[in-house]
Amino acid sequence: MHDLKAIRENPDQYDALWAKRGLEPLSKKILDQDALIRKAKQVVQEAEAARNKSSKLIGQAMAKGDKDEAERLKTEVAGAKNVIAAMGAQVDSEQAQLRDLLSGLPNVPFADVPEGEDEEANVELHKHLEPTKLDFKPKGHDELGEALGMMDFETAAKMSGSRFVVLSGMLSRLDRALAAFMLDLQTEEHGYVEHSPPLIVRSHALYGTGQLPKFKEDLYSASSSFHKFVDFISNIFDLESASKTGKIDFSNIDSSVLEFALKNTFQDEILSGELDLPFGKETEAYLIPTAEVSLTNIVRESIVDRETLPMRMTAHTPCFRSEAGSAGRDTKGMIRQHQFNKVELVSITRPEDSEGEHKRMLKCAEEVLRRLELPYRVVELCTGDLGFGARRTFDIEVWLPSQDTYREISSCSNCGDFQARRMNARYKHGEKDNRFVHTLNGSGLAVGRTLVAVLENYQNEDGSITVPKVLVPYMGGVELIK
RNA sequence: GGAGAUGUGGCCGAGUGGUCGAAGGCGCUCCCCUGCUAAGGGAGUAUACCUCAAAAGGGUAUCGAGGGUUCGAAUCCCUUCAUCUCCGCCA
């Protein structure tokens with residue numbers, strides 16, 4: 001969400017920054033709308049003031065027993081009420097429009113973020129280690145894993161569909177070892193506090209971090225909305241008598257069928273706005289696409305003490321993504337799954353500290369790959385490749401021998417106060433001065449992709465995998481997976 | 001999942017249709033008084049937004065949240081969220 005006051009003061013600057021992300025200039029539209037709303041609001045408020053004043057006089061007249069005067073005043077108030085109703089409705093709808101417009105707008109990049117349309121324009125900042133040289137033809141991680149009998153896509157597909165995997169034996173152990181190693185590093189050496197947050201969150205939490213309302217199709221819904229349907233239609237039909245006669249048993253009706261039926265039945269009413277079906281509302285819940293959502297929302301709707309910043313939090317959680325827009329991409333192997341594990345890093349900082357914290361966070365993520373002795377490079381995303389909520393993003397890309405290229409394994413973003421505004425997260429700056437915090441998030445790292453990188457970079461010609469030194473203690477002393 | 005109860009300012013707590021943005025207490029801030037172990041007196045003490053060049057001032061909204069009834073709602077009605085108690089189920 002954007003600061004209307006800031007846009008009011010620097011409309012050109014906002015337009016220029018949005019232009020870098022390929023957006024039309026919008027500040028004039030926003031400010032016109034804002035001016036319209038404020039003007040209408042004033043009218044409403046004046047009418048409300050008049051109504052309040054007269055209502056008090058009515059009370060006084062009634063107390064005195066002067067019924068005639070009270071009646072006279074009542075008719076006087078009627079006019080004000082009309083204004084309030086009419087203008088109030090207009091204000092509500094205008095405000096909803098503006099809110100929709102603003103909440104759909106991405107964050108503005110920092111001025112020095114490299115400009116460009118897509119990932120082609122990302123800027124490589126530095127590299128660590130030379131790409132792994134193998135003196136035989138490198139195999140892909142999926143081929144290696146399947147040959148070991150510890151990575152099974154077919155079995156997963158039978159129960160869950162494509163883009164799922166069953167790991168077993170030492171690969172499952174490796175997954176756990178990686179996560180434990182990452183958590184230990186981030187908590188014991190980098191000062192992040194380990195959390196075990198909810199994996200299911202309400203829609204307002206996702207709105208706060210920016211996944212909603214624009215990216216709903218990327219999320220897995222976990223709504224248990226069936227009872228909402230029943231409650232809702234109970235208000236319309238007399239279900240009690242119907243269920244007594246045994247003619248309707250709603251517990252046997254699938255909720256999606258019911259939704260479909262209701263939407264068809266009340267099509268006209270829905271379109272005209274007369275009827276507001278309780279579908280797709282606040283009560284919805286989703287599986288988290290990243291622990292960034294759960295961790296960042298820990299400070300939502302709160303005012304934290306200045307001294308407690310920066311807050312550094314980490315969590316190892318599964319992440320769930322529908323990958324709706326990526327059909328055909330990375331269809332083989334574990335690179336792009338519907339479910340994967342990730343150790344997430346989140347920092348909550350004062351505004352003046354966020355850029356420094358961002359660099360620090362990047363180092364904390366890089367350190368995982370350094371200790372695993374995996375080759376990687378760091379790129380800064382250009383304006384066109386930035387995520388919705390980010391003002392600046394660093395990606396860490398690990399070397400994958402089978403693909404002969406670097407692939408993203410971590411993404412560290414400074415969101416400024418963008419998310420903080422959407423979730424109303426503030427800190428006490430002064431005695432009577434509460435300001436929005438800055439939020440940052442980064443992967444430290446994606447466990448699944450790290451497992452892929454270990455398999456491919458540590459593979460031997462016979463298909464066995466050498467366990468990276470730092471992981472051996474986490475693997476119960478095992479040094480070779482075969 | 002069933003039955004019941006509750007949700008008021010930083011905290012406690014009064015308040016069942018009219019001068020209630022909200023008594024009282026605690027806490028906090030400032031001032032005064034008093035030197036004999038700590039107390040007494042007074043004043044102030046929510047947030048957001050709008051208006052105003054700014055301050056002062058004025059206005060609107062907010063008593064978990066959203067909606068409704070009414071000239072007027074903390075108070076009545078509906079929905080919803082959360083908490084507590086009991087029962088059921090369950091890792």
Side-chain angles (χ1 to χ4, degrees), chain A residues 1-9 31 33-85 87-96 98-99 102 196 198-205 207-208 223-236 250-251 273-285 297 300-305 420-436:
Chain A
M1 186 59 74
H2 297 279
D3 183 3
L4 268 175
K5 277 186 195 157
I7 298 175
R8 221 178 282 157
E9 280 160 23
L31 292 182
Q33 182 86 349
D34 176 47
L36 205 68
I37 289 169
R38 280 188 296 160
K39 204 164 235 172
K41 230 183 198 169
Q42 242 174 293
V43 176
V44 173
Q45 291 192 353
E46 275 163 26
E48 283 173 336
R51 179 203 61 193
N52 289 348
K53 203 172 163 194
S54 297
S55 288
K56 283 194 176 168
L57 291 176
I58 292 173
Q60 288 171 8
M62 299 286 266
K64 273 189 261 169
D66 189 348
K67 282 202 176 151
D68 293 342
E69 174 66 3
E71 285 305 318
R72 194 189 63 76
L73 284 164
K74 278 191 196 182
T75 55
E76 205 177 274
V77 172
K81 282 203 46 152
N82 287 336
V83 174
I84 293 167
M87 290 301 278
Q90 195 190 328
V91 168
D92 286 349
S93 103
E94 300 278 356
Q95 258 177 338
L98 182 58
R99 197 174 49 239
L102 282 175
S196 300
L199 307 180
I200 298 176
V201 294
R202 292 277 168 82
S203 50
H204 58 257
Y207 173 83
S223 303
S224 57
S225 34
F226 177 71
H227 296 286
K228 294 240 164 280
F229 301 153
V230 174
D231 285 353
F232 174 71
I233 52 184
S234 298
N235 291 331
I236 303 176
F250 283 95
S251 63
E274 278 175 55
L275 196 59
D276 199 10
L277 288 176
F279 307 128
K281 282 288 157 61
E282 281 302 302
T283 45
E284 279 187 2
N297 272 283
R300 76 173 290 115
E301 291 163 53
S302 67
I303 302 170
V304 298
D305 286 334
R421 285 180 183 280
R422 291 168 82 100
M423 62 176 75
N424 198 19
R426 294 171 293 171
Y427 76 101
K428 214 160 232 344
H429 181 80
E431 188 49 41
K432 291 223 166 194
D433 188 7
N434 300 327
R435 299 191 183 177
F436 290 109

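Because the structure is a prediction, the values reported are computed rather than measured. A note on names: the letters A, B, ... follow the listed sequences, proteins ahead of strands, and every chain is numbered from 1.
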Rounding to the closest angstrom, what is the interatomic distance between [N] and [M] at atom [atom1]?
| N | M | atom1 | answer |
| --- | --- | --- | --- |
| B/U62 | B/C20 | C1' | 14 Å |
| B/C12 | B/G27 | P | 15 Å |
| B/U34 | B/U29 | P | 23 Å |

Side chain of A/Lys56 only, heavy atoms from C-beta on: which candidate in B/G21, B/C71, B/C50 is closest?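 The nucleotide sitting nearest to the side chain is B/G21.
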
Would you say [X] places a side-chain N or O within less than 4.0 Å of OP1 or OP2 belonging to [N]?
| X | N | value |
| --- | --- | --- |
| A/Asn52 | B/U60 | yes |
| A/Lys53 | B/G59 | no |
| A/Arg38 | B/G59 | no |

| field | Earlier contact from the 5' end, RNA chain B, for A/Lys81 and A/Asp92 | value |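 The answer here is A/Asp92.
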
Under 3.5 Å on both distances, the Watson-Crick or G-U partner of B/A5: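 Its partner is B/U83.
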
Hunt down the Watson-Crick or G-U wobble partner of B/G66, both distances under 3.5 Å, from any strand shown, or write none.
->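 B/C78 - that is the nucleotide pairing with B/G66, both distances being under 3.5 Å.
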
Report yes if the side chains of A/Phe436 and A/Asn424 come closer than 4.5 Å at any heavy-atom pair, otherwise no.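 Yes, their side chains come closer than 4.5 Å.
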
Can you confirm if the NZ or CZ of A/Arg422 lies within 45° of the ring axis of A/Tyr207 and under 6.0 Å from the centre of its six-membered ring?
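Checked: cation-pi criterion met.
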
Rounded to whole Å, how long is the line connecting atom [atom1] of [X] with atom [atom2] of [N]?
| X | N | atom1 | atom2 | answer |
| --- | --- | --- | --- | --- |
| A/Gln95 | B/A61 | CD | P | 14 Å |
| A/Lys39 | B/U51 | NZ | C1' | 13 Å |
| A/Met87 | B/C50 | CE | P | 17 Å |

Handout entry: NZ/NE/NH1/NH2 to OD/OE distance under 4.0 Å, A/Lys5 and A/Glu9
Key =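 The answer is no: the pair does not qualify as a salt bridge.
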
